[in-house]
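Within every chain, numbering begins at 1; the chains are lettered A, B, ... in the order of the sequence lines, protein sequences first and strands thereafter. This is a predicted model, so every value here is computed, not measured.
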Amino acid sequence: MTITITNKIFNTDKLISCILDENSDVGATVCFNGFVREFSNNKHLDYMFVEHYPEMTEKSLYAIEAEAKKRWEINDVSITHRVGKIYPKDLIVSVIVASKHRNNAFQACNFIIDFLKTDAPFWKKEVSNDGSFWVNDRAEDHEKKAKWSSI
Amino acid sequence: MIRFNILFFASLRESFGFNHKQIEVSKNIRTLNELLEHMSLDKESPWPDLTKNKKCYRAAINQELSSWDDNISDGDEIAFFPPITGG
């Protein structure tokens with residue numbers, strides 16, 4: 001598993017190539033890419049600022065990956081998350097899962113991003129002409145995570 | 001003496017104006033709730049507000065998400081922060 005926390009723009013093609021170089025018998029990769037939207041509540045965003053808790057971030061992402069591996073047969077996982085100042089249309093997060101068959105990769109990727117959103121210690125702040133606001137958590141994200149407990 | 005290293009993130013860090021605090025207590029503190037209650041005895045500090053609004057925040061003990069009733073012990077790293085909004 002590869003975890004990368006970076007303040008630089010990153011490229012998912014390279015990450016997928018690494019997974020293919022380092023693993024055998026990969027039949028599918030599923031990649032979720034999350035981008036910074038240009039608008040939030042009808043306001044044009046200047047940029048997003050992301051803060052994290054470094055010592056806890058890796059620990060929580062490893063725990064999420066371990067739980068995904070218990071549930072599905074997967075070969076490898078690569079998670080990259082931006083921190084610091086991030087501009088609209090830039091990639092903020094990517095989750096790449098490799099497996100022998102596509103269904104395991106689809107499910108595991110979905111599971112990992114659902115848990116990342118509520119359990120991995122990142123916080124987003126939106127900065128626009130109107131000022132800056134810490135983003136609130138969304139009930140929908142908690143509901144999505146909770147659904148996995150019954151699966 | 002029992003010591004705790006306390007960290008604050010995001011909106012809490014911003015409103016307090018600092019990101020960590022060492023707390024030393026002489027009495028036996030067993031849970032996060034008890035620690036917050038003890039900290040809140042200092043009425044001039046930001047802790048009474050944090051305690052009053054703790055439902056709006058989350059905590060971690062030694063980098064693991066925790067609940068307010070969880071046990072803590074000497075030397076633990078404790079973090080307080082608003083709900084997570086990653087991804």
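- Between B/Asn62 and A/Met56 there is no side-chain heavy-atom pair separated by less than 4.5 Å.
- Proximity to chain A (any heavy atom under 4.5 Å) is restricted, for B/Ala60, to the side chain, taken from C-beta onward.
- Side chains of B/Ile84 and A/Thr118 form no contact here, defined as non-hydrogen atoms less than 4.5 Å apart.
- With a 4.5 angstrom heavy-atom cutoff, A/Ile92 touches chain B only via side-chain atoms.
- Interface remark: of the candidates A/Val93, A/Thr57, A/Asp119, A/Asp119 forms the most heavy-atom pairs closer than 4.5 Å to chain B.
- Expressed to the nearest 0.5 Å, how far CD of B/Gln63 lies from NZ of A/Lys59 amounts to 4.0 Å.
- Under a hydrophobic clustering in which Ile, Leu, Val, Met, Phe, Trp and Tyr are joined whenever their side-chain heavy atoms come within less than 4.5 Å, directly or via other members, B/Phe4 and B/Trp68 fall into the same cluster.
- Other residues, nucleotides and ligands place no more than 12 heavy atoms under 6.0 Å from the NE2 atom of B/His20.
- Around CZ of A/Arg71, the count of heavy atoms belonging to other residues, nucleotides or ligands within 6.0 Å exceeds 12.
- Within a 6.0 Å radius of NZ in A/Lys147, other residues, nucleotides and ligands contribute 12 heavy atoms or fewer.
- Criterion: ILVMFWY side-chain heavy atoms under 4.5 Å apart, direct or through other members. Under it, A/Phe115 and A/Phe32 are part of a common hydrophobic cluster.
- Here the closest heavy-atom approach between residue B/Thr85 and residue A/Asp137 is recorded as CG2-N, 3.6 Å.
- A/Phe122 is connected to A/Ile112 through a chain of hydrophobic side-chain contacts under 4.5 Å among Ile, Leu, Val, Met, Phe, Trp and Tyr, so both are in one cluster.
- Residues B/Glu14 and A/Lys125 are in side-chain contact: their nearest non-hydrogen atoms beyond the backbone lie under 4.5 Å apart.
- For the atom pair OG of B/Ser11 and CZ of A/Phe133, the computed distance is 13.5 Å after rounding to the nearest 0.5 Å.
- Placement of B/Leu65 and A/Ile113 in two distinct hydrophobic clusters is found when ILVMFWY residues are connected by side-chain heavy-atom separations under 4.5 Å, directly or transitively.
- If you measure heavy-atom distances from A/Asp141 to chain B, you find no contacts under 4.5 Å at all.
- A side-chain donor-acceptor contact under 3.5 Å links A/His81 to the backbone of B/Gly87.
- Note on ring orientation: taking the six-membered ring where Trp is involved, the planes of A/Trp123 and B/Phe81 are tilted (angle from 30° to 60°).
- Checking side-chain atoms of A/Glu51 against main-chain N and O of B/Ala10 turns up a donor-acceptor pair under 3.5 Å.
- When the shell of 6.0 Å around NZ of B/Lys21 is examined, it contains 12 or fewer heavy atoms from other residues, nucleotides or ligands.
- The cluster map of Ile, Leu, Val, Met, Phe, Trp and Tyr, joined by side-chain heavy atoms under 4.5 Å apart, puts B/Phe8 and A/Val83 in different clusters.
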